[in-house]
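Reckoned from all heavy atoms, side chains included, excluding hydrogens, waters and symmetry mates. Numbers here are sequence positions counted from 1.
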Amino acid sequence: MKEKFRKAVESKFGIGADKFCNSVWYIIAYGITGIISHSCDIPVFGAAVLTVLFASALIFCKNSFTTLPFFMMCSFVLSVDTKPNTGYFNTPLRITVLCFLLAVLLAAVVFHLLYYGKWRLIFKKAYLTSSMAMLTGALLIGGLGAPLFSPMGVVMSLAVGACMFLPYSLLVNCGEYRGRKTVEYFAWAAIVAAAVIFAAVIEQYIIHDLNLDYHPKKLLEFGHTISNSAAVIVLMAMPMTFYMVYVYKYGVVFLIALAMQLVTIFLTYSRASLIIAVGGTVVVAVALMFKKKNGRLLYCITAGILAVAVLIVAIRYRGYIWDKIVGLFEGDFTGSGRTNIWKAGFNAWRDHPIFGVGLWYLPQIQAPKHMYHSYHCTPLTYLYCAGIVGLVAYIFHRYKTVRMFFGAGPTAERVFIALSVIALLLNSLLDIYMTEPLHLLYYSVMLALIECDVKKSKSTNVSVTATESNASGQVKNGITLSDVGNDIITEGDDNELQS
């Protein structure tokens with residue numbers, strides 16, 4: 001049986017499928033499927049296409065990094081009218097089709113793990129495994145002894161843990177990290193995801209007769225996200241778009257994508273994302289003028305022209321732009337009931353400071369339709385939901401991620417991915433993203449890429465050092481090049497990420 005599988009995988013079709021799944025066109029296929037499914041309200045069709053795409057990657061690709069597009073864009077097939085809570089899927093035919101597609105996906109996952117021997121590796125302890133386990137454990141025991149217990153809190157805790165751990169573990173332990181090539185693959189996925197959001201935003205404005213004066217906060221809902229959540233996906237794509245500008249000689253073409261991303265964030269009326277996007281764009285753009293090696297002159301000229309064009313437009317339409325900015329920043333950043341949520345959470349937490357009040361407490365102070373349990377601030381969410389235990393677990397996790405980043409000399413790949421992580425974390429100080437499944441999948445993927453880059457950097461440095469020592473006759477104790485190639489981050493070693 002295995003021989004038959006091998007022939008199928010190594011056939012011309014299998015090799016072609018592998019090549020396609022490692023290409024930009026495979027990522028674009030996810031984006032197009034998301035746009036069509038969302039715009040036409042045909043999520044079952046979208047789910048079927050994504051199943052074929054994802055199963056193809058699992059069956060014909062040994063490299064698990066080809067699963068990135070699925071994790072990042074699987075939810076884009078949903079629309080406002082076809083969300084699960086609308087009852088759209090409550091028909092025998094749709095349920096049957098979805099169950100069949102789920103069975104196909106599970107079979108493909110099992111095949112991938114067994115055929116490529118990755119079942120031995122996927123649950124292997126990685127650098128952040130312990131801190132992620134602590135976060136999940138803290139949420140699971142959060143609310144111990146508190147009233148209003150609900151099984152939904154346990155379900156959400158497990159969902160948070162799964163969305164953080166599974167993609168991370170699969171990519172770190174089973175993926176074949178190839179440095180720039182892998183990071184470019186992620187960058188393309190982020191850019192395409194941002195393009196899907198751009199298309200959804202423009203669609204909403206067209207539906208409303210291009211009326212830029214209507215308030216999209218109330219109407220800009222896509223099914224898979226709302227305005228703020230969509231803006232964060234675009235925001236995370238911006239550092240990776242800058243990365244493409246940095247690594248390519250003619251990367252200035254990606255400046256067009258950056259402009260579209262900025263426009264998208266502005267049109268979502270997401271204030272926090274807009275501040276981070278504008279400030280970050282200026283800082284990174286100026287930094288690239290000094291750091292970019294290939295095509296620096298063309299980049300500087302293009303950036304200068306764009307800056308002048310923006311200045312001219314700003315002067316010409318200064319009255320209109322100023323009115324829109326004033327309207328955008330009316331009120332404060334504790335709007336949408338955040339202050340009330342924080343106060344209510346604090347008052348409840350005071351009675352249960354050690355283990356908190358649990359994830360099930362939040363719906364009691366918000367509308368029943370609230371699905372993702374968060375106090376719109378990550379540290380407060382862990383403090384209120386899991387008490388001092390939860391906050392300590394989150395601080396420890398943050399410490400581990402920072403330590404991981406500095407585990408080896410910084411690379412361009414790691415720096416730009418870290419900027420995307422920082423953008424997510426800054427937004428999460430005022431929103432729900434660190435307990436929301438879609439954004440946690442992005443977070444998990446980015447942490448896996450950073451850890452893989454650290455491993456590669458350490459392995460390369462050790463190999464170079466050993467080569468130099470071998471050339472000078474200073475190799476001692478019988479250490480060979482084949483030995484040092486394995487001298488990378490080890491599991492459970494408290495010093496594994498020290499430089």
Side-chain angles (χ1 to χ4, degrees), residues 1-37 42-74 76-77 97-122 166-167 169-193 195-196 240 244 247-248 253 413 441 445 448-449 452 456 485:
M1 181 63 71
K2 188 173 182 179
E3 182 64 20
K4 292 182 179 180
F5 286 141
R6 185 188 66 79
K7 289 182 179 179
V9 171
E10 296 178 1
S11 66
K12 289 184 178 181
F13 177 82
I15 294 173
D18 179 34
K19 185 176 180 180
F20 171 70
C21 292
N22 281 280
S23 71
V24 176
W25 299 110
Y26 176 71
I27 299 171
I28 292 175
Y30 274 91
I32 293 175
T33 301
I35 292 174
I36 294 175
S37 302
I42 47 174
V44 177
F45 165 80
V49 176
L50 293 192
T51 298
V52 173
L53 291 172
F54 190 47
S56 298
L58 291 170
I59 293 171
F60 298 109
C61 301
K62 182 179 180 181
N63 190 356
S64 298
F65 275 105
T66 52
T67 60
L68 281 179
F70 180 82
F71 292 135
M72 297 169 66
M73 289 183 272
C74 60
F76 286 177
V77 298
V97 172
L98 290 178
C99 289
F100 173 76
L101 295 177
L102 179 60
V104 172
L105 283 180
L106 292 176
V109 170
V110 172
F111 175 86
H112 185 76
L113 296 178
L114 294 179
Y115 179 79
Y116 294 107
K118 296 183 177 182
W119 61 274
R120 302 184 184 91
L121 303 173
I122 187 170
L166 291 179
S169 183
L170 176 67
L171 298 179
V172 169
N173 293 326
C174 304
E176 297 177 5
Y177 182 74
R178 298 167 182 170
R180 172 178 164 177
K181 184 175 181 180
T182 300
V183 174
E184 283 188 21
Y185 191 81
F186 169 68
W188 274 114
I191 291 171
V192 171
V196 175
M240 303 316 302
M244 301 297 269
V247 297
Y248 281 102
V253 296
E413 288 72 27
L441 291 175
V445 166
L449 287 167
C452 288
K456 184 176 184 298

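- Interatomic distance, K181 NZ to N63 CG, rounded to the nearest 0.5 Å: 8.5 Å.
- In this view, Y116 satisfies the side chain to side chain donor-acceptor pair (under 3.5 Å) rule with no residue, not counting sequence neighbours.
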- Task: Give the intermediate values and the outcome of side chain to side chain contact (heavy atoms under 4.5 Å, CB included) for residues I42 and I36.
- Result: CA-CA 8 Å; I42 47 174; I36 294 175; 4.1 Å; yes
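- Side-chain contact between Y185 and T66: present, with at least one pair of heavy atoms (C-beta onward) separated by less than 4.5 Å.
- Listed for the N22 side chain is a donor-acceptor partner under 3.5 Å among the backbone atoms of D18.
- A distance of 12.0 Å separates CD1 of I27 from CD1 of I32, quoted to the nearest 0.5 Å.
- A189 approaches M73 most closely through the heavy-atom pair O-CE, 4.1 Å.
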- Item | From CA spacing to verdict: side chain to side chain contact (heavy atoms under 4.5 Å, CB included), I122, L170 | CA-CA 5 Å; I122 187 170; L170 176 67; 4.0 Å; yes
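- With a 4.5 Å cut-off on side-chain heavy atoms, W188 and P69 do not count as touching.
- Residues C61 and H112 share a closest heavy-atom pair of O-CE1, 3.1 Å.
- Applying the ring pair (Phe, Tyr, Trp, His ring centres under 6.0 Å) rule to Y26 yields the partners F20, Y30; only residues at least two apart in sequence or on another chain are considered.
- For the pair P167 and V445, the tightest heavy-atom approach, listed with the atom from each and the gap, is CB-CG2, 4.4 Å.
- In plain terms, the two heavy atoms of L101 and V44 that are nearest each other are CD1-O, 4.3 Å.
- The shortest heavy-atom contact between E176 and F65 is N-CD1, 3.6 Å.
- With a 6.0 Å cutoff to the six-membered ring centre and a 45° limit on the axis angle, R178 does not count as a cation-pi contact of F186.
- The nearest pair of heavy atoms linking Y177 to V183 is OH-CG2, 3.4 Å.
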Just distance, no hydrogens or angles: give the donor-acceptor pairs under 3.5 Å from side chains in residues 52-60, sequence neighbours left out.
unit_1, atom_1, unit_2, atom_2, d
S56, OG, V52, O, 2.7

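- Atom CD of residue E413 and atom CD of residue E184 lie 8.5 Å apart, to the nearest 0.5 angstrom.
- Put simply, CZ on F76 and OG on S37 are 12.0 Å apart, with the number rounded to the nearest 0.5 Å.
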